[in-house]
> 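Submitted below is the structure of interest, expressed as structure tokens.
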Amino acid sequence: MPELNFSVDKPEYTYITTPDEANRALEELEKEPILGVDVESTGTEPYTEKLLLVQVGSETKSYIFDARKLDLKDLPRFKALLENPKTIKLTHNGKFDYKMIKAQTGVAMDNLYDSMLAEGILTAGLGSGLYSLKGLVKQYLDLTLKKDVRETFEGYTGKVTEEQLIYSALDTLVLFPVFREQFRKLQKENLTNVAKLEFATTRVVGDMELKGVYVDIEKWREIIDGLGKKRDEFAKQFQDVVRPFYDNGNQTDLFGDPVDAINMNSPSQLLDLFNNRLGIEISSTGASVLEKINHPVAKVLSQYRGYEKLISAFGEKLLSQINSVTHRLHPDFMQLGAATGRFSCKNPNLQQIPRNSEEAPFRECFNPAPGYKLVTADYSSFEMRILADLSGDANMIKALTEGLDIHSYTASLMFDKPYSSDFKKLYPDLRQIAKPIGFGLMYGMGPMGLSGQIGTTPDQAEDYIEKYFKSYPSVRDFLDKMARDAVRQGWSSTPGGRKRWYNKPSKTDPEYRKKMSNIERQAKNHPIQGTNADAVKYALVFLSNRLKKEGVDGAITHTVHDEIVCEIREDQAEDWAHIQSQEMVRAGELFIKKVPVISEPFVGDVWEH
DNA sequence: AGAGGTGGTG
DNA sequence: CATGCACCACCTCT
């Protein structure tokens, strides 16, 4: 365990409530190359909760700025210190501190180190992905922090207590030894470049979340209401058809209306219906099973499901999350939400809003503020390009370099037909076979999975897969090598250096083969998905820098895995669209050299691409 | 509260 | 031997 440069029981701190005290503290802090930063607030929401304390400390002493007694907006040296790009700020979950400080004082911290992200990088694929400071302090310093003091700040309006000050001071002091331990590990695992990328991304994500996205509430409600009517029609049809099969079939409610036979949202009740009453043996009521049953009940259930899904998952709940101050949605993006390095998103999850459709054009409700445009750009078939580059497969590289329709080209190789620009029209069925294989194999899909998807026998599917790999021989070699290396080493990595670890099962584990197969598939996919994530994160940083450098009136509002959306003042939107596309390409080209990287921008009043 | 089923996204 | 990667939200059921 490392030596500590502070007392756990009596940490050294100064509580600051006047500008004079603040300036004396800042004079000391300005001498430090590394600072620990933490904030205490009445809650976690930067626009509606209140900032209470900002702790900024050296490794031996914490200075606690009382944000209620000081006007931190009007302390130039405070701003200069936290925005100084040369001073490292140690944080734990720095996105939160960044947002809270920026929203309430206008100070945008720069040069962050984040022990939460660092731990996520060091243990990707293991554990839960959630790391508390308390947990890290226990692990690295064998020290038990009392975190119950934190709760005392929730909705707090009273005078700051000594207990609160001690707690607040410790939160910056412990960051230093944790940082040193993690840093050693990051260097040992060659993860410093990935860490730099993640740390640079944090303030971009913070800005993105603070900016949020506008949603047209009225239009959203119209869509939901329309879907609700359709859903209710199918629900009634379903109940009418099914009612005779139940004992309560003649029952009516208070108003004489027939009562529902079953809860059609209950998979177990549906299984009972199909297996025991309709005489149709099914093991699951999922969409892929239902579509194979030629029965009116299955059909009407599928239609009901389509509407019910949209209403329950994307209905009123999303609108309730619109911020009362900004009137926009401010979702939570988690930088290391996925083990592969991808973001995840929640409250609400903007990465699963349905694509626009005739009946449910949800994304059309995402609009720019008046006088602004949405600039959307996504990488075109990026994962395919990554696979081509990483595998070095000559055929795949040729197809992507010449801009051929990749699935048609694949089909032409698989089935020995001449490729032409109208292949898609000439052999739509062959292309339709090639397409899911192209995607599926990047996920390590086997004959079973493919046969289930394209509706053939596993033998036929295996034959297709064989044809695919004969067309792209280096792709098979590459995927196999990824699986082998991961099993041998216990981890896989992206060209950017991002690692994902695997818990190998013991040979006596009854699920040994299943678990090993999982690892093999995950390892085949990780370099591909992870490289996509690496590129998007670089792109976000590049874009943020360009917005500033060009003095563009606009902001990044959200990102969906291979897509970035910005909100840009109308007169600058077209120019920005080109810059955005260029910067995304530049980010992609850091990793992809053998095939072109293409990003297609789109300027409009709605979110689409 | 947590697990399992289902289904939306890339 | 098991059989498609990565998520999150909502629902039911225990």
> Which part of the nucleic acid, if any, lies within contact of A/Ala287, taking any heavy atom under 4.0 Å across all strands shown: a base, the sugar-phosphate backbone alone, or nothing?
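Counting heavy atoms under 4.0 Å across all strands, the contact made by A/Ala287 is with sugar-phosphate only.
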
> For the P atoms, the ones on C/dT3 and on B/dG5, what distance do you get once it is rounded to whole angstrom?
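Here C/dT3 and B/dG5 have their P atoms 13 Å from each other.
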
> Need one value for A/Arg521: base, sugar-phosphate or nothing, where a base atom within 4.0 Å counts as base even if backbone is also close, heavy atoms only.
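Here A/Arg521 touches the backbone only, sparing every base.
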
> Please list residues of residues 470-479 of chain A whose heavy atoms come under 4.0 Å from any atom in DNA chain C, ordered by number; otherwise none.
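Contacts with DNA chain C under 4.0 Å: none.
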
> Heavy atoms under 4.0 Å, any strand shown: does A/Gln269 hit a base, just sugar-phosphate, or nothing?
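The residue A/Gln269 makes sugar-phosphate contact but no base contact.
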
> Using a strict 4.0 Å threshold on nitrogen-to-oxygen distance, state whether A/Glu383 and A/Arg342 make a salt bridge.
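Looking at A/Arg342 together with A/Glu383, the answer is yes, because their closest N to O distance falls below 4.0 Å.
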
> Side-chain donor-acceptor pairs under 3.5 Å in residues 234-241 of chain A, sequence neighbours left out?
| residue | atom | partner | partner atom | Å |
| --- | --- | --- | --- | --- |
| A/Lys236 | NZ | A/Asp240 | OD2 | 3.0 |
| A/Gln239 | OE1 | A/Ala261 | N | 2.8 |
| A/Gln239 | NE2 | A/Ile262 | O | 2.9 |
| A/Asp240 | OD1 | A/Arg243 | NH1 | 2.9 |

> Scan A/Ile353 against the nucleic acid and name what it touches under 4.0 Å (heavy atoms): base, sugar-phosphate only, or nothing.
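Since only primed, P, OP1 and OP2 atoms lie under 4.0 Å of A/Ile353, the category is sugar-phosphate.
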
> Ring centres of A/His526 and A/Tyr502 under 6.0 Å apart?
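Not under 6.0 Å, so no.
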
> Pick the closest DNA chain C nucleotide for A/Gln529 and for A/Pro447 by heavy atoms, then say which residue is nearer the 5' end.
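Residue closer to the 5' terminus by nearest nucleotide: A/Pro447.
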
> Using a strict 4.0 Å threshold on nitrogen-to-oxygen distance, state whether A/Arg476 and A/Glu466 make a salt bridge.
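So A/Arg476 pairs with A/Glu466 through a salt bridge.
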
> With a 4.0 Å cut-off on heavy atoms, is A/Lys524 in touch with a base, just the backbone sugar-phosphate, or nothing at all?
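Nothing, no heavy atom under 4.0 Å.
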
> What are the residues of residues 481-513 of chain A, sorted by number, that bring a heavy atom to within less than 4.0 Å of DNA chain C?
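Close to the strand are A/Arg500, A/Arg513.
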
> So, taking the atom named CD1 in A/Ile437 and the one named CD in A/Gln453, what distance separates them when rounded to the nearest 0.5 Å?
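One finds 9.5 Å between CD1 of A/Ile437 and CD of A/Gln453.
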
> Which sits closer to the 5' end of DNA chain C, A/Lys514 or A/Gln522, going by the nucleotide each is nearest to?
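Residue closer to the 5' terminus by nearest nucleotide: A/Lys514.
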
> When you measure from the centre of the six-membered ring of A/Phe542, is the NZ or CZ of A/Arg586 closer than 6.0 Å and no more than 45° off the axis?
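Because its charged atom sits under 6.0 Å from the ring centre and within 45° of the axis, A/Arg586 does stack over A/Phe542.
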
> Heavy atoms only, 4.0 Å cut-off, all strands: where does A/Gly440 land among base, sugar-phosphate and nothing?
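Base, at least one base atom sits under 4.0 Å.
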
> Are A/Lys537 and A/Phe343 in a cation-pi setup, meaning NZ or CZ lies under 6.0 angstrom from the ring centre and within 45 degrees of the ring axis?
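Yes, cation above the ring, under 6.0 Å and within 45°.
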
> To the closest 0.5 Å, what do you measure between CZ (A/Arg484) and NZ (A/Lys524)?
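Going from CZ on A/Arg484 over to NZ on A/Lys524, the span is 10.5 Å.
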
> Taking 4.0 angstrom as the limit, do A/Arg363 and A/Glu608 come out as a salt bridge?
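No, no charged N to carboxylate O under 4.0 Å.
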
> Knowing that exactly one of A/Leu390, A/Thr531, A/Ile406, A/Leu400 qualifies, which makes a side-chain contact (heavy atoms from CB on, under 4.5 Å) with A/Arg385?
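Of the listed residues A/Leu390, A/Thr531, A/Ile406, A/Leu400, the side-chain contact (heavy atoms from CB on, under 4.5 Å) partner of A/Arg385 is A/Leu400.
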
> Please give me every residue in residues 206-226 of chain A whose heavy atoms get under 4.0 Å of an atom in DNA chain C, ordered by residue number.
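Within residues 206-226 of chain A, no residue comes under 4.0 Å of DNA chain C.
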
> Below 4.0 Å from chain A heavy atoms, what is the first contacting nucleotide of DNA chain B and what is the last?
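The footprint of chain A covers B/dG5 to B/dG10.
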
> Identify the 5'-most and 3'-most nucleotides of DNA chain C with at least one atom closer than 4.0 Å to a non-hydrogen atom of chain A.
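Here the contact window of chain A covers C/dC1 to C/dC13.
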
> Under 6.0 Å between ring centres: does that hold for A/Tyr472 and A/Tyr468?
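Judged by ring-centre distance (under 6.0 Å), A/Tyr472 and A/Tyr468 do meet the cut-off.
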
> Given side chain to side chain donor-acceptor pair (under 3.5 Å), test A/Glu563 with A/Trp607 step by step and report yes or no.
CA-CA 11 Å; A/Glu563 169 186 358; A/Trp607 173 23; 2.6 Å; yes

> Verify, without hydrogens or angle tests, whether A/Lys99 (side chain) and A/Glu45 (backbone) share a donor-acceptor contact under 3.5 angstrom.
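Looks like no, no N/O pair under 3.5 Å.
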
> Using a heavy-atom cut-off of under 4.0 Å over every strand shown, decide if A/Asp378 touches base, sugar-phosphate, or nothing.
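If one applies the 4.0 Å heavy-atom cut-off, A/Asp378 turns out to touch nothing in the nucleic acid.
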
> Examine the side chains of A/Tyr214 and A/Thr557 and answer whether a donor and an acceptor come within less than 3.5 Å of each other.
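Per modelled atom types, A/Tyr214 and A/Thr557 side chains form no pair under 3.5 Å.
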
> Using the side chain to side chain donor-acceptor pair (under 3.5 Å) rule, take A/Gln460 and A/Ser451 through it: C-alpha gap first, then chi angles, then the decisive distance, then the call.
CA-CA 8 Å; A/Gln460 179 62 262; A/Ser451 67; over 6 Å; no

